[in-house]
Student: 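After the structure tokens below, expect a handful of questions from me.
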Protein chains: 2
Amino acid sequence: MRIGELATSTGVSVRALRYYEEQALLIPERSGGGQRHYDEAAVDRVQLIQTLYAAGLSSRTILALLPCVDAKVNTPQSRALLNAERGRIDQQINQLIEARARLDDVIALSESPASGCNRTGAALV
Amino acid sequence: MRIGELATSTGVSVRALRYYEEQALLIPERSGGGQRHYDEAAVDRVQLIQTLYAAGLSSRTILALLPCVDAKVNTPQSRALLNAERGRIDQQINQLIEARARLDDVIALSESPASGCNRTGAALV
DNA sequence: CTAGAACCTGACGTGGACGTGAGGGACAAG
DNA sequence: CTTGTCCCTCACGTCCACGTCAGGTTCTAG
């Protein structure tokens with residue numbers, strides 16, 4: 001499949017796919033004219049990359065992890081990296097849970113009196 | 001307390017504290033010479049700000065929430081905002097849990113064979 | 001064969017939370 | 001009064017995952 005089809009079937013932009021290649025995360029074949037051609041497995045790989053990006057991993061880190069996925073390879077370094085990232089994610093989850101609890105505190109407080117928070121009505125976020 | 005003391009006692013940089021003021025998140029008094037002076041409550045406020053930043057909220061959103069914390073105010077808009085952000089955080093937690101599961105898959109696979117993932121030994125992350 | 005859609009390679013722009021000097025005041029200690 | 005440390009205000013730099021043109025090429029349908 002060409003880049004446009006992969007983009008629509010994964011929901012990421014064409015630019016993002018080219019960026020993944022730039023970062024050596026997903027390197028497609030090329031047709032005679034220089035156009036990128038991806039196989040079916042690329043769909044899953046793109047989704048994995050997106051998942052890891054969403055977890056806050058950098059391109060560099062993902063690049064280091066992908067060989068482990070592809071070849072089921074295994075070294076002390078790779079295990080250390082995997083565990084380190086797992087720990088980072090755990091920590092991040094805990095931070096989010098803490099933040100949610102703080103928000104819940106605010107929500108609980110804001111459910112009795114009546115006053116003017118954000119009276120301006122200005123757009124937020 | 002002056003800015004340096006608040007910085008060390010909260011663990012954030014002096015630059016960050018000035019940035020918070022720029023964003024109207026934490027506005028201190030000024031001494032005759034123009035130096036910032038914070039009260040004790042600033043420590044908690046900085047920590048709250050940090051927590052919300054860590055949860056991915058923007059300065060604008062935090063700015064909109066802080067009046068709710070300070071004055072326990074309450075409007076339909078503020079409740080909507082609080083709930084929206086709560087939802088975002090929940091969603092982000094779920095994404096992280098998913099990412100962790102994918103990492104666990106990789107870890108499980110990488111705990112039987114032996115091969116060369118990241119043979120280069122290059123620094124990661 | 002031709003129009004048009006999809007693709008290509010640069011290369012600069014973006015947004016957010018600061019980092020990092022430059023150049024100059026403020027303030028307690030001696 | 002001077003030294004040293006902390007503080008001030010600009011204001012440009014950074015990182016990173018892309019967005020967004022510009023100018024040109026390739027592929028496909030008719």
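Side-chain atoms are counted along with the backbone in the values below, which use heavy atoms only and exclude waters and symmetry mates. In the text below, chain A, chain B and the rest are named by the order of the sequence lines, each starting its count at 1.
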Student: Which part of the nucleic acid, if any, lies within reach of B/R18 when heavy atoms closer than 4.0 Å are counted: base, sugar-phosphate only, or nothing?
Tutor: base
Student: Can you check whether B/R36 has a side-chain N or O nearer than 4.0 Å to OP1 or OP2 of D/dC8?
Tutor: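 Checking D/dC8 against B/R36, a side-chain N or O does come within under 4.0 Å of OP1 or OP2.
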Student: Determine: side-chain N/O of A/Y20 to OP1/OP2 of D/dC18, distance under 4.0 Å, yes or no.
Tutor: yes
Student: At under 4.0 Å between heavy atoms, what does B/L57 touch on the DNA or RNA strands: base, sugar-phosphate, or nothing?
Tutor: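 Answer is sugar-phosphate: B/L57 comes under 4.0 Å of backbone atoms only.
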Student: Quick check: is B/I97 connected to A/L48 through a chain of hydrophobic side chains (ILVMFWY, heavy atoms under 4.5 Å apart)?
Tutor: yes
Student: Provide, to the nearest angstrom, the distance between the CG atom belonging to B/L25 and the C1' atom belonging to C/dC18.
Tutor: 13 Å
Student: Each nucleotide N or O in nucleotides 21-24 of chain C that has a protein N or O under 3.5 Å away: list the pair and distance.
Tutor:
none

Student: Considering only side-chain heavy atoms of B/Q50, which listed nucleotide, C/dC18, D/dA17, C/dT9, is closest?
Tutor: C/dC18
Student: Nucleotides 19-22 of chain D: which of its N/O atoms have a protein N/O under 3.5 Å away?
Tutor:
residue: D/dG19; atom: OP2; partner: A/S13; partner atom: OG; Å: 2.6
residue: D/dG19; atom: N7; partner: A/R15; partner atom: NE; Å: 3.3
residue: D/dG19; atom: O6; partner: A/R15; partner atom: NH2; Å: 3.2
residue: D/dT20; atom: O4; partner: A/R15; partner atom: NE; Å: 3.1

Student: Does A/A7 have any side chain to side chain contact (heavy atoms under 4.5 Å, CB included) partners at least two apart in sequence or in another chain, and if so, which?
Tutor: A/V14, A/L17
Student: Counting only side-chain N and O atoms of A/S59, is one of them less than 4.0 Å from OP1 or OP2 of D/dA17?
Tutor: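 For D/dA17, OP1/OP2 do have a side-chain N/O of A/S59 under 4.0 Å.
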Student: Applying side chain to side chain contact (heavy atoms under 4.5 Å, CB included), name anything that partners A/T10, two or more places apart in sequence or on another chain.
Tutor: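 If we apply the side chain to side chain contact (heavy atoms under 4.5 Å, CB included) test to A/T10, skipping adjacent residues, the hits are A/L6, A/V12, A/V43, A/V46.
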Student: Would you check if the side chain of A/R45 reaches a backbone N or O of A/L25 as a donor-acceptor pair within less than 3.5 Å?
Tutor: yes
Student: Could you tell me which residues satisfy ring-ring contact (aromatic ring centres under 6.0 Å, His included) with A/Y53, sequence neighbours excluded, listed by chain and number?
Tutor: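 In terms of ring-ring contact (aromatic ring centres under 6.0 Å, His included), with neighbours along the sequence ignored, A/Y53 is linked to A/Y20.
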Student: Establish, with yes or no, whether the OP1 or OP2 oxygen of D/dA17 is under 4.0 angstrom from a side-chain nitrogen or oxygen of A/Y19.
Tutor: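 It does, given that an N or O in the side chain of A/Y19 lies less than 4.0 Å from OP1 or OP2 of D/dA17.
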Student: Sort me out a list of protein N/O and nucleotides 27-30 of chain D N/O pairs below 3.5 Å, or just none if empty.
Tutor:
residue: D/dC27; atom: OP1; partner: A/S31; partner atom: OG; Å: 3.4
residue: D/dC27; atom: OP1; partner: A/G33; partner atom: N; Å: 3.3

Student: Check whether any side-chain N or O of B/R60 sits under 4.0 Å from OP1 or OP2 of C/dA17, and answer yes or no.
Tutor: no
